[in-house]
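Just below is one structure, and these are the notes that go with it.
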Amino acid sequence: MAETLAVLFTAGTVVGLLVALGTELDDVRRWLVVGILTCTGGSALGLVVAGRRVPRVVLQALVGGSAVLIALAVLVPVDALSAVALACLLAFVVVDSCYFFSRRFAVGHVLGGFVVIDSALLLRGDVAAGTVLALNTIMVALAVVTHRLAVRASGASSDPLTGLPNRRAFDDALQDLVRDGGTASVALLDLDHFKEINDTAGHEAGDRVLLRVAEVQLPPGALLARHGGDEFALLLPGRGGEEAVVEVWRLCDRLVDTGLSCGVAQLHAGESAAQLMRRADGALYAAKAAGRGRVELASAARVAS
(Lines give C-alpha, C1' and ligand atoms only; values in the text may rest on other atoms or scores of the structure.)
Protein backbone atom coordinates (compact mmCIF):
# COMPACT_ATOMS: atom_id res chain seq x y z
CA MET A 1 0.00 0.00 0.00
CA ALA A 2 2.86 2.41 0.78
CA GLU A 3 4.13 2.10 -2.79
CA THR A 4 0.68 2.85 -4.22
CA LEU A 5 0.27 5.85 -1.95
CA ALA A 6 3.70 7.08 -3.04
CA VAL A 7 2.36 7.09 -6.62
CA LEU A 8 -0.54 9.29 -5.46
CA PHE A 9 1.77 11.88 -3.91
CA THR A 10 4.18 11.76 -6.85
CA ALA A 11 1.34 12.33 -9.32
CA GLY A 12 0.04 15.17 -7.17
CA THR A 13 3.48 16.76 -7.14
CA VAL A 14 3.88 16.51 -10.92
CA VAL A 15 0.35 17.74 -11.69
CA GLY A 16 0.67 20.61 -9.24
CA LEU A 17 4.02 21.63 -10.71
CA LEU A 18 2.68 21.56 -14.28
CA VAL A 19 -0.35 23.67 -13.34
CA ALA A 20 1.83 26.14 -11.45
CA LEU A 21 4.25 26.53 -14.37
CA GLY A 22 1.39 27.31 -16.75
CA THR A 23 -0.31 29.88 -14.51
CA GLU A 24 0.46 33.43 -13.46
CA LEU A 25 0.49 33.39 -9.66
CA ASP A 26 0.55 36.13 -7.06
CA ASP A 27 2.81 35.87 -4.02
CA VAL A 28 0.19 34.21 -1.80
CA ARG A 29 -0.62 31.53 -4.38
CA ARG A 30 3.07 30.99 -5.13
CA TRP A 31 3.86 30.27 -1.47
CA LEU A 32 0.80 28.03 -1.24
CA VAL A 33 2.12 26.04 -4.20
CA VAL A 34 5.55 25.73 -2.58
CA GLY A 35 3.98 24.46 0.64
CA ILE A 36 1.75 21.92 -1.13
CA LEU A 37 4.56 20.61 -3.34
CA THR A 38 6.85 20.30 -0.35
CA CYS A 39 4.23 18.21 1.48
CA THR A 40 3.43 15.96 -1.47
CA GLY A 41 7.01 15.53 -2.63
CA GLY A 42 8.28 14.90 0.89
CA SER A 43 5.52 12.38 1.57
CA ALA A 44 6.27 10.52 -1.67
CA LEU A 45 9.98 10.33 -0.82
CA GLY A 46 9.28 9.22 2.75
CA LEU A 47 6.95 6.46 1.58
CA VAL A 48 9.50 5.17 -0.93
CA VAL A 49 12.26 5.11 1.69
CA ALA A 50 10.20 3.66 4.56
CA GLY A 51 8.15 1.29 2.38
CA ARG A 52 6.28 -1.44 4.25
CA ARG A 53 7.55 -0.24 7.62
CA VAL A 54 5.03 2.62 7.64
CA PRO A 55 2.26 1.84 10.20
CA ARG A 56 -1.21 1.43 8.71
CA VAL A 57 -2.63 4.24 10.84
CA VAL A 58 -0.07 6.61 9.30
CA LEU A 59 -1.08 5.50 5.81
CA GLN A 60 -4.72 6.16 6.63
CA ALA A 61 -3.83 9.64 7.89
CA LEU A 62 -1.84 10.35 4.72
CA VAL A 63 -4.79 9.36 2.52
CA GLY A 64 -7.07 11.69 4.47
CA GLY A 65 -4.47 14.46 4.43
CA SER A 66 -4.02 14.16 0.68
CA ALA A 67 -7.67 15.15 0.16
CA VAL A 68 -7.01 18.33 2.14
CA LEU A 69 -3.92 19.09 0.04
CA ILE A 70 -5.95 18.58 -3.16
CA ALA A 71 -8.60 20.98 -1.87
CA LEU A 72 -5.93 23.62 -1.20
CA ALA A 73 -4.42 23.04 -4.63
CA VAL A 74 -7.84 23.57 -6.23
CA LEU A 75 -7.82 27.15 -4.90
CA VAL A 76 -4.49 27.98 -6.56
CA PRO A 77 -5.16 28.18 -10.36
CA VAL A 78 -6.71 31.30 -11.81
CA ASP A 79 -8.66 29.35 -14.45
CA ALA A 80 -11.45 26.91 -13.62
CA LEU A 81 -10.23 24.19 -16.01
CA SER A 82 -6.95 23.75 -14.13
CA ALA A 83 -8.85 23.65 -10.83
CA VAL A 84 -11.07 20.83 -12.07
CA ALA A 85 -8.01 18.96 -13.35
CA LEU A 86 -6.47 19.15 -9.89
CA ALA A 87 -9.74 18.03 -8.31
CA CYS A 88 -9.54 14.87 -10.43
CA LEU A 89 -6.63 13.79 -8.22
CA LEU A 90 -9.40 12.72 -5.84
CA ALA A 91 -9.50 9.57 -7.97
CA PHE A 92 -6.27 8.41 -6.31
CA VAL A 93 -7.81 8.90 -2.86
CA VAL A 94 -10.88 6.91 -3.93
CA VAL A 95 -8.84 4.02 -5.36
CA ASP A 96 -6.48 3.78 -2.39
CA SER A 97 -9.31 3.98 0.15
CA CYS A 98 -11.63 1.47 -1.52
CA TYR A 99 -8.90 -1.04 -2.35
CA PHE A 100 -6.87 -1.08 0.86
CA PHE A 101 -9.24 0.00 3.65
CA SER A 102 -12.31 -1.55 5.20
CA ARG A 103 -15.66 -0.32 3.92
CA ARG A 104 -16.15 1.93 6.96
CA PHE A 105 -12.80 3.69 6.51
CA ALA A 106 -13.21 3.85 2.73
CA VAL A 107 -16.62 5.52 2.96
CA GLY A 108 -15.26 7.99 5.50
CA HIS A 109 -12.29 8.94 3.34
CA VAL A 110 -14.34 9.27 0.15
CA LEU A 111 -17.09 11.36 1.77
CA GLY A 112 -14.47 13.50 3.49
CA GLY A 113 -12.77 14.05 0.14
CA PHE A 114 -16.06 15.08 -1.43
CA VAL A 115 -16.73 17.59 1.33
CA VAL A 116 -13.37 19.38 1.27
CA ILE A 117 -12.77 19.29 -2.48
CA ASP A 118 -16.35 20.18 -3.47
CA SER A 119 -16.22 23.05 -1.01
CA ALA A 120 -12.99 24.31 -2.56
CA LEU A 121 -14.44 24.09 -6.09
CA LEU A 122 -17.65 25.92 -5.15
CA LEU A 123 -15.73 28.49 -3.11
CA ARG A 124 -13.89 29.55 -6.24
CA GLY A 125 -17.15 30.77 -7.77
CA ASP A 126 -16.18 29.91 -11.35
CA VAL A 127 -16.95 26.17 -11.32
CA ALA A 128 -20.58 25.24 -11.95
CA ALA A 129 -22.39 23.06 -9.40
CA GLY A 130 -23.29 20.67 -12.23
CA THR A 131 -19.59 20.16 -12.95
CA VAL A 132 -18.96 19.35 -9.30
CA LEU A 133 -21.83 16.83 -9.26
CA ALA A 134 -20.56 15.24 -12.48
CA LEU A 135 -17.12 14.84 -10.92
CA ASN A 136 -18.69 13.26 -7.83
CA THR A 137 -20.68 10.83 -9.98
CA ILE A 138 -17.51 9.65 -11.69
CA MET A 139 -15.79 9.21 -8.34
CA VAL A 140 -18.69 7.20 -6.90
CA ALA A 141 -18.62 4.88 -9.91
CA LEU A 142 -14.86 4.52 -9.51
CA ALA A 143 -15.32 3.70 -5.81
CA VAL A 144 -17.87 0.97 -6.57
CA VAL A 145 -15.70 -0.63 -9.27
CA THR A 146 -12.56 -0.48 -7.10
CA HIS A 147 -14.37 -2.07 -4.14
CA ARG A 148 -15.63 -4.92 -6.35
CA LEU A 149 -12.11 -5.51 -7.69
CA ALA A 150 -10.76 -5.53 -4.12
CA VAL A 151 -13.32 -8.15 -3.10
CA ARG A 152 -12.36 -10.34 -6.05
CA ALA A 153 -8.65 -9.89 -5.33
CA SER A 154 -9.11 -10.92 -1.70
CA GLY A 155 -11.00 -14.00 -2.83
CA ALA A 156 -8.03 -15.02 -4.98
CA SER A 157 -5.82 -15.10 -1.89
CA SER A 158 -8.15 -16.94 0.52
CA ASP A 159 -9.19 -20.54 0.94
CA PRO A 160 -12.88 -20.95 0.00
CA LEU A 161 -13.66 -23.53 2.71
CA THR A 162 -11.95 -22.10 5.79
CA GLY A 163 -11.72 -18.42 4.81
CA LEU A 164 -8.05 -18.49 5.84
CA PRO A 165 -5.30 -17.05 3.63
CA ASN A 166 -4.26 -19.60 1.03
CA ARG A 167 -0.74 -20.71 0.13
CA ARG A 168 -0.24 -17.81 -2.24
CA ALA A 169 -1.13 -15.25 0.44
CA PHE A 170 1.06 -17.03 2.99
CA ASP A 171 4.02 -17.06 0.60
CA ASP A 172 3.60 -13.32 -0.02
CA ALA A 173 3.52 -12.61 3.73
CA LEU A 174 6.54 -14.85 4.29
CA GLN A 175 8.52 -13.10 1.55
CA ASP A 176 7.78 -9.73 3.18
CA LEU A 177 8.91 -11.04 6.55
CA VAL A 178 12.14 -12.48 5.15
CA ARG A 179 12.83 -9.23 3.28
CA ASP A 180 12.35 -7.15 6.43
CA GLY A 181 14.55 -9.44 8.54
CA GLY A 182 14.32 -9.66 12.31
CA THR A 183 13.24 -12.49 14.56
CA ALA A 184 10.52 -14.75 13.18
CA SER A 185 9.53 -18.40 12.91
CA VAL A 186 7.24 -20.51 10.78
CA ALA A 187 5.42 -23.72 11.60
CA LEU A 188 3.85 -26.40 9.42
CA LEU A 189 0.85 -28.14 11.00
CA ASP A 190 -0.34 -31.44 9.57
CA LEU A 191 -3.59 -33.17 10.59
CA ASP A 192 -2.85 -36.71 11.75
CA HIS A 193 -4.77 -39.50 9.98
CA PHE A 194 -6.92 -37.01 8.07
CA LYS A 195 -7.44 -39.41 5.17
CA GLU A 196 -8.95 -41.96 7.56
CA ILE A 197 -11.44 -39.33 8.77
CA ASN A 198 -12.54 -38.66 5.19
CA ASP A 199 -12.70 -42.36 4.34
CA THR A 200 -14.63 -43.48 7.43
CA ALA A 201 -16.76 -40.47 8.42
CA GLY A 202 -17.05 -38.72 5.06
CA HIS A 203 -15.76 -35.49 3.61
CA GLU A 204 -18.21 -33.37 5.61
CA ALA A 205 -16.60 -34.63 8.81
CA GLY A 206 -13.20 -33.81 7.35
CA ASP A 207 -14.38 -30.31 6.49
CA ARG A 208 -15.53 -29.81 10.09
CA VAL A 209 -12.07 -30.73 11.32
CA LEU A 210 -10.48 -28.22 8.93
CA LEU A 211 -12.89 -25.51 10.09
CA ARG A 212 -12.10 -26.31 13.73
CA VAL A 213 -8.41 -25.61 13.05
CA ALA A 214 -9.25 -22.45 11.12
CA GLU A 215 -11.23 -21.06 14.06
CA VAL A 216 -8.56 -21.63 16.72
CA GLN A 217 -7.38 -18.59 18.69
CA LEU A 218 -3.98 -17.43 17.44
CA PRO A 219 -1.16 -15.62 19.24
CA PRO A 220 -1.05 -11.83 18.61
CA GLY A 221 0.42 -11.00 15.21
CA ALA A 222 0.37 -14.61 13.97
CA LEU A 223 -0.89 -15.60 10.53
CA LEU A 224 -2.48 -18.99 9.93
CA ALA A 225 -2.98 -20.17 6.35
CA ARG A 226 -4.27 -23.32 4.71
CA HIS A 227 -1.16 -24.51 2.94
CA GLY A 228 -2.91 -27.26 1.03
CA GLY A 229 -5.06 -30.31 1.76
CA ASP A 230 -4.71 -31.19 5.44
CA GLU A 231 -1.68 -28.97 6.04
CA PHE A 232 -1.66 -25.51 7.62
CA ALA A 233 1.17 -22.98 7.84
CA LEU A 234 1.68 -20.60 10.74
CA LEU A 235 3.73 -17.40 10.55
CA LEU A 236 5.01 -16.15 13.91
CA PRO A 237 6.70 -12.74 13.63
CA GLY A 238 8.85 -11.69 16.56
CA ARG A 239 9.17 -15.24 17.95
CA GLY A 240 12.37 -17.22 18.13
CA GLY A 241 12.34 -20.97 17.66
CA GLU A 242 11.87 -21.98 21.30
CA GLU A 243 9.13 -19.41 21.85
CA ALA A 244 7.43 -20.50 18.63
CA VAL A 245 7.44 -24.12 19.81
CA VAL A 246 5.66 -23.05 23.02
CA GLU A 247 3.07 -21.11 20.99
CA VAL A 248 2.44 -24.08 18.70
CA TRP A 249 2.01 -26.41 21.67
CA ARG A 250 -0.55 -23.98 23.10
CA LEU A 251 -2.39 -24.05 19.79
CA CYS A 252 -2.36 -27.86 19.82
CA ASP A 253 -3.79 -27.81 23.36
CA ARG A 254 -6.71 -25.73 22.10
CA LEU A 255 -7.34 -28.46 19.51
CA VAL A 256 -7.05 -31.36 21.93
CA ASP A 257 -9.52 -33.46 19.93
CA THR A 258 -7.59 -32.91 16.71
CA GLY A 259 -4.30 -34.73 16.22
CA LEU A 260 -1.55 -32.47 14.89
CA SER A 261 2.06 -33.04 13.92
CA CYS A 262 4.03 -29.80 13.71
CA GLY A 263 7.42 -28.66 12.48
CA VAL A 264 8.89 -25.30 13.53
CA ALA A 265 11.83 -23.39 12.06
CA GLN A 266 13.32 -20.04 13.07
CA LEU A 267 14.41 -17.59 10.38
CA HIS A 268 18.16 -17.05 10.29
CA ALA A 269 20.03 -14.10 8.79
CA GLY A 270 20.61 -14.45 5.06
CA GLU A 271 18.18 -17.34 4.76
CA SER A 272 15.66 -17.44 1.92
CA ALA A 273 11.98 -18.21 2.34
CA ALA A 274 12.46 -21.50 0.48
CA GLN A 275 15.29 -22.58 2.81
CA LEU A 276 13.24 -21.70 5.87
CA MET A 277 10.23 -23.68 4.66
CA ARG A 278 12.42 -26.70 3.81
CA ARG A 279 13.73 -26.75 7.38
CA ALA A 280 10.17 -26.48 8.75
CA ASP A 281 9.14 -29.35 6.47
CA GLY A 282 12.05 -31.41 7.74
CA ALA A 283 10.96 -30.75 11.32
CA LEU A 284 7.41 -31.79 10.42
CA TYR A 285 8.72 -35.04 8.95
CA ALA A 286 10.67 -35.63 12.18
CA ALA A 287 7.49 -35.09 14.23
CA LYS A 288 5.64 -37.68 12.15
CA ALA A 289 8.53 -40.15 12.35
CA ALA A 290 8.63 -39.76 16.13
CA GLY A 291 5.05 -40.93 16.48
CA ARG A 292 2.92 -37.92 15.46
CA GLY A 293 0.99 -35.64 17.80
CA ARG A 294 4.10 -33.62 18.67
CA VAL A 295 6.03 -30.44 17.83
CA GLU A 296 9.63 -30.55 16.58
CA LEU A 297 12.06 -27.65 16.15
CA ALA A 298 14.31 -27.65 13.10
CA SER A 299 18.07 -27.49 13.54
CA ALA A 300 19.92 -24.26 12.78
CA ALA A 301 21.63 -25.83 9.75
CA ARG A 302 20.43 -24.30 6.48
CA VAL A 303 19.05 -26.33 3.62
CA ALA A 304 20.48 -25.46 0.21
CA SER A 305 18.05 -23.92 -2.27
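Quick caveat, the model's predicted, so the values are computed rather than measured. These values consider heavy atoms only, across backbone and side chains, with no hydrogens, waters or symmetry-generated copies.
The side-chain heavy atoms of Glu242 and Leu297, taken from C-beta on, include a pair separated by under 4.5 Å. Annotation: side chain of Asp96 is not in contact with side chain of His109 (no heavy-atom distance under 4.5 Å). Between Leu191 and Leu210 the shortest side-chain heavy-atom distance falls below 4.5 Å.
Across every non-hydrogen atom of Ala120 and Ala71, the tightest pair is CB-O, 3.4 Å. Smallest separation of non-hydrogen atoms from Ser66 and Val93: OG-CG2, 3.4 Å. Among all heavy-atom pairs drawn from Pro237 and Ala184, the shortest one is CA-CB, 4.1 Å.
Considering Val295, Asp190, Leu189 in turn, Asp190 is the only one that fulfils the side chain to side chain contact (heavy atoms under 4.5 Å, CB included) rule with Leu284.
Residues passing the side chain to side chain donor-acceptor pair (under 3.5 Å) test with Arg212 are Thr258, sequence neighbours excluded. With sequence neighbours left out, Asp172 forms a side chain to side chain contact (heavy atoms under 4.5 Å, CB included) with Arg168. Residues forming a side chain to side chain donor-acceptor pair (under 3.5 Å) with Ser261 (at least two apart in sequence, or on another chain): Asp192. With sequence neighbours left out, the side chain to side chain contact (heavy atoms under 4.5 Å, CB included) criterion links Ala85 to no other residue. For Leu123, the side chain to side chain contact (heavy atoms under 4.5 Å, CB included) partners two or more places apart in sequence, or in a different chain, are Leu75. Asp171 is linked by a side chain to side chain donor-acceptor pair (under 3.5 Å) to nothing, counting only residues two or more places apart in sequence or in another chain. Not counting sequence neighbours, the partners of Glu296 by the side chain to side chain donor-acceptor pair (under 3.5 Å) test are Arg294. Contacts of Ala244 classified as side chain to side chain contact (heavy atoms under 4.5 Å, CB included), with partners at least two apart in sequence or in another chain: Ser185, Leu236, Arg239, Val264.
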Anything under 3.5 Å between a donor and an acceptor, one on a side chain of residues 216-225, the other on a protein residue two or more places apart or in another chain? List them.
none

Identify every side-chain donor-acceptor pair in residues 131-145 under 3.5 Å, counting partners at least two apart or on other chains, and give the distances.
unit_1, atom_1, unit_2, atom_2, d
Asn136, ND2, Asp118, OD2, 2.6
Thr137, OG1, Leu133, O, 2.9

TODO: I would like to know whether Leu255 and Leu251 meet side-chain contact (heavy atoms from CB on, under 4.5 Å); could you show each step before the answer?
DONE: CA-CA 7 Å; Leu255 296 166; Leu251 188 148; 3.8 Å; yes

TODO: Walk me through it: do Glu247 and Leu234 pass the test side-chain contact (heavy atoms from CB on, under 4.5 Å)?
DONE: CA-CA 10 Å; Glu247 294 285 9; Leu234 182 65; 5.9 Å; no

- [ ] Kindly indicate, with the supporting measurements, whether the criterion side-chain contact (heavy atoms from CB on, under 4.5 Å) is fulfilled by Arg226 and Leu161.
- [x] CA-CA 10 Å; Arg226 188 178 181 191; Leu161 173 64; 3.8 Å; yes

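Atom CZ of Arg179 sits about 13.0 Å away from atom OG of Ser272, to the nearest 0.5 Å. Taken to the nearest 0.5 Å, the CD atom of Gln266 stands 9.5 Å off from the CD atom of Glu243. With rounding to the nearest 0.5 Å, the separation of CG in Leu211 from CZ in Arg208 is 9.5 Å. The structure places CD of Gln275 at 8.5 Å from CZ of Arg279, a figure rounded to the nearest 0.5 Å. Annotation: the span from Arg278 atom CZ to Glu271 atom CD amounts to 10.5 Å, rounded to 0.5 Å. Taking OG1 from Thr183 and CG from Leu177, the interatomic distance works out to 10.0 Å, rounded to the nearest 0.5 Å.
Under the 4.5 Å side-chain contact rule for hydrophobic residues, Val127 and Val74 share a cluster. Cluster membership for Val110 and Leu86, using ILVMFWY side-chain heavy atoms within less than 4.5 angstrom, is shared. A continuous path of hydrophobic side-chain contacts links Phe170 to Leu188 [ILVMFWY only; heavy atoms under 4.5 Å]. Cluster membership for Val186 and Leu260, using ILVMFWY side-chain heavy atoms within less than 4.5 angstrom, is not shared. A continuous path of hydrophobic side-chain contacts links Leu69 to Val94 [ILVMFWY only; heavy atoms under 4.5 Å].
A salt bridge (Lys or Arg N to Asp or Glu O under 4.0 Å) check over residues 120-135, counting only residues at least two apart or in different chains, returns the pairs Arg124-Asp126. Residue pairs meeting the ring pair (Phe, Tyr, Trp, His ring centres under 6.0 Å) criterion with at least one partner in residues 228-251, sequence neighbours excluded, do not occur; the list is empty.
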